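A short worksheet on the structure shown next.
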Amino acid sequence: MKPAIKTILLCLWLLPTISNCFAQADAFTGTWQLIVPATPATNEVQLNLQIGQSEKSILYPAQLSIKCDSLQAVYLLLLVKKSSRELAISRNKFALSEIPYSMGAATFYLNGWMDISRDIKGNATLTLNRIQELYNKVHLPDTSRLNPVNKRSALQLFSFLQKAPVQFVKINANPWNNSYTDRMLDPATSPGYFGLLDTITVPVRDAAVLLTSPGKNDVATLAINGRIVLDKVMPGKKGFSDEVLLDTGLNIVALFAENFAAGLPNKTKTRFEFGEKKILFNLDTNSDSAAVFIAARVVYAADRQKETSIKDYTPGLKTALAANEKLVGSLLTNSRQLTLAVWDDAVEDGDSISIQVNNQWVQQKLRVKKNPQFIVVTLQPGSNDIVFMGENLGTIPPNTAVLEIIDGKKRRSYMLETVPGENNILKIQYDTGTH
């Protein structure tokens, strides 16, 4: 065989492997940095943006660190992908620490979009495109009580956040991960509101949608699972109506404000009607005024008569359980990610549980509610243990919950009954070659 032909065949053989490597890389995840050098009149400003692993390549928990002279501040924020190049920034930035003074509302000036690109050296960059609310003026912190040195650096930093160019350079691809990473994606346990609503379950997958706005020039975009379904719509007072269709299972629906017309915040309202279930995304509220997005997980469960059950499996080597452990089931899947739905089908009596996947916490002290709460878990190839721990007895012992495992169109339900110190274990075999 000629060398050229051998080379071509080798490239074709390697192409799937190379494609998979690139497909698994996330351009946004990692650490991004901006350093503005000091001058005779100003202090050095350093910003570090750490972005965690995403949910469905759409929701990105992130942490922002700011340093300027004596100030060291750390904030949590949520980024939502609108396109392959754009990340929308949450209106709210939750302060984990601010020393020696508070930035107050000044972080609002980082409101807008991050655009990914490359600089002239080929480095990956994130550039801030601000959307500022000019109508409701941002009240900057009172600096009159600061000492002269801190006051000077504070005024410099406020001015920088308000109008200076902000372009981060990527310094590594390590996902940000700490105790807040998962909590930020769960409104029930999140330390603050980041524009992500509680999970909503709907009875049908198609919805009538109506967008309205008191501002005749407001522009909005609607996306479902990263796909833009309504692009740069101008709803106006008369409104704009259309229909949208969900995927089966978990969907991430996001409304994006594309503009602040004439300096006013976008006031678009979006009403969804999934049969008798109605949902409202409203940018004209105190909590979302001047936000550039509102997002929610929307779950559509297909007709149960059309569903198939997840397969059982029998482990080749049985591992003895501890005295406080109870096996609730063993399942086989070829999906890397599964969705756990947990709810109380009787009386909501204050039961709470904690969940581990392969000895890693995914939820701690989750209060079991009447409505399902959905948790996406990522499996490792081979054997996986999901452990459910009862944290209390509620007002009606024992601690009970319904657990449903969702694997695309396939499901399996279990009843969990635990007491503090007792663990329910679900074993899942993730077979990457199963079809």
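Quick caveat, the model's predicted, so the values are computed rather than measured.
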> Could you give the distance from CG (L185) to CD1 (I58), rounded to the nearest 0.5 Å?
Replying inline: 11.5 Å
> For R152, does the CZ atom sit with more than 12 other heavy atoms under 6.0 Å from it, leaving out its own atoms?
Replying inline: no
> For the atom pair CG (L128) and CG (L87), what is the distance rounded to the nearest 0.5 Å?
Replying inline: 11.5 Å
> Quick one: CG on L211 to CZ on R271, what's the gap to the nearest 0.5 Å?
Replying inline: 11.0 Å
> Would you call R297 and E55 a salt bridge, using N to O less than 4.0 angstrom?
Replying inline: yes
> Can you tell me if S90 uses its side chain to pair, donor with acceptor, with the backbone of L78 under 3.5 Å?
Replying inline: yes
> Is the number of heavy atoms from other residues, nucleotides or ligands under 6.0 Å of K326 NZ greater than 12?
Replying inline: yes
> Could you give the distance from NZ (K267) to CG (D284), rounded to the nearest 0.5 Å?
Replying inline: 5.0 Å
>> Determine whether a donor-acceptor pair (N or O, by modelled atom type, separation under 3.5 Å) exists between the side chain of K170 and the backbone of T29.
In response: yes
> So E98 and Y75, side-chain hydrogen bond (donor to acceptor under 3.5 Å, both in side chains) or not? Walk me through it.
Replying inline: CA-CA 9 Å; E98 294 179 306; Y75 306 91; 2.6 Å; yes
> Between N251 and G249, is there a donor-acceptor pair closer than 3.5 Å when you use the side chain of the first and the backbone of the second?
Replying inline: yes
> Would D186 and T189 count as a side-chain hydrogen bond (donor to acceptor under 3.5 Å, both in side chains) if you check the C-alpha gap in whole Å, the side-chain angles of each, and the deciding distance to 0.1 Å?
Replying inline: CA-CA 6 Å; D186 177 16; T189 61; 3.1 Å; yes
> Checking N150 side chain against L146 main chain: does a donor-acceptor pair fall under 3.5 Å?
Replying inline: no
>> Is it true that N358 and N384 share a donor-acceptor pair across their side chains at a distance under 3.5 Å?
In response: yes
>> Checking the side chain of K427 only, and the main-chain atoms of S383 only, is there a donor and an acceptor separated by less than 3.5 Å?
In response: no
>> Using a strict threshold of under 4.0 Å (side-chain N to carboxylate O), is an ion pair present between D247 and K56?
In response: no
>> Keeping Q373 on the side-chain end and R367 on the backbone end, is there a donor-acceptor pair under 3.5 Å?
In response: yes
> Would N43 and S153 count as having a side-chain donor-acceptor pair, cut-off 3.5 Å?
Replying inline: no
>> Show, in sequence, the C-alpha distance, side-chain angles and deciding distance for S117 and R85, and conclude whether the side-chain contact (heavy atoms from CB on, under 4.5 Å) test is met.
In response: CA-CA 7 Å; S117 185; R85 288 191 54 173; 4.1 Å; yes
>> Atom CZ of residue position R227 - does it have more than 12 heavy atoms of other residues, nucleotides or ligands inside 6.0 Å?
In response: yes
> Has Q46 got more than 12 heavy atoms of other residues, nucleotides or ligands less than 6.0 Å from its CD?
Replying inline: yes
> Are the side chain of R130 and the backbone N or O of L161 linked by a donor-acceptor pair below 3.5 Å?
Replying inline: yes
>> Main chain of R118, side chain of K121: is a donor-acceptor contact present, judged purely on distance under 3.5 Å?
In response: no
> After noting the C-alpha distance and the side-chain angles of V166 and T127, does the key distance pass the side-chain contact (heavy atoms from CB on, under 4.5 Å) rule?
Replying inline: CA-CA 6 Å; V166 173; T127 302; over 6 Å; no
> Just checking, is any N or O donor in the side chain of Y180 or Q63 under 3.5 Å from an acceptor N or O on the other one?
Replying inline: no
> Which value, rounded to the nearest 0.5 Å, describes the distance between D182 atom CG and Q364 atom CD?
Replying inline: 10.0 Å
>> Taking atom CG as the centre, does N359 end up with more than 12 heavy-atom neighbours from other residues, nucleotides or ligands that are less than 6.0 angstrom away?
In response: no
> Side chain of N48, backbone of Q33: donor and acceptor closer than 3.5 Å?
Replying inline: no
>> Whether K82 engages the ring of W113 as a cation-pi pair (distance to the six-membered ring centre under 6.0 angstrom, angle to the ring normal within 45°) should be assessed.
In response: yes
> Of the options F168, Y60, W176, which is the one that meets F28 in a ring pair (Phe, Tyr, Trp, His ring centres under 6.0 Å)?
Replying inline: Y60
> Is the backbone N or O of Q337 less than 3.5 Å from a side-chain atom of S335, with the two atoms forming a donor-acceptor pair by type?
Replying inline: no
>> Could you go through Q156 and S159, starting from their C-alpha distance and side-chain angles, then the distance that decides it, and tell me whether this counts as side-chain hydrogen bond (donor to acceptor under 3.5 Å, both in side chains)?
In response: CA-CA 5 Å; Q156 174 200 337; S159 176; over 6 Å; no
> CG/N217 to CZ/F260 distance, rounded to the nearest 0.5 angstrom?
Replying inline: 14.5 Å
>> Taking the six-membered ring for Trp, are F281 and F272 closer than 6.0 Å centroid to centroid?
In response: yes
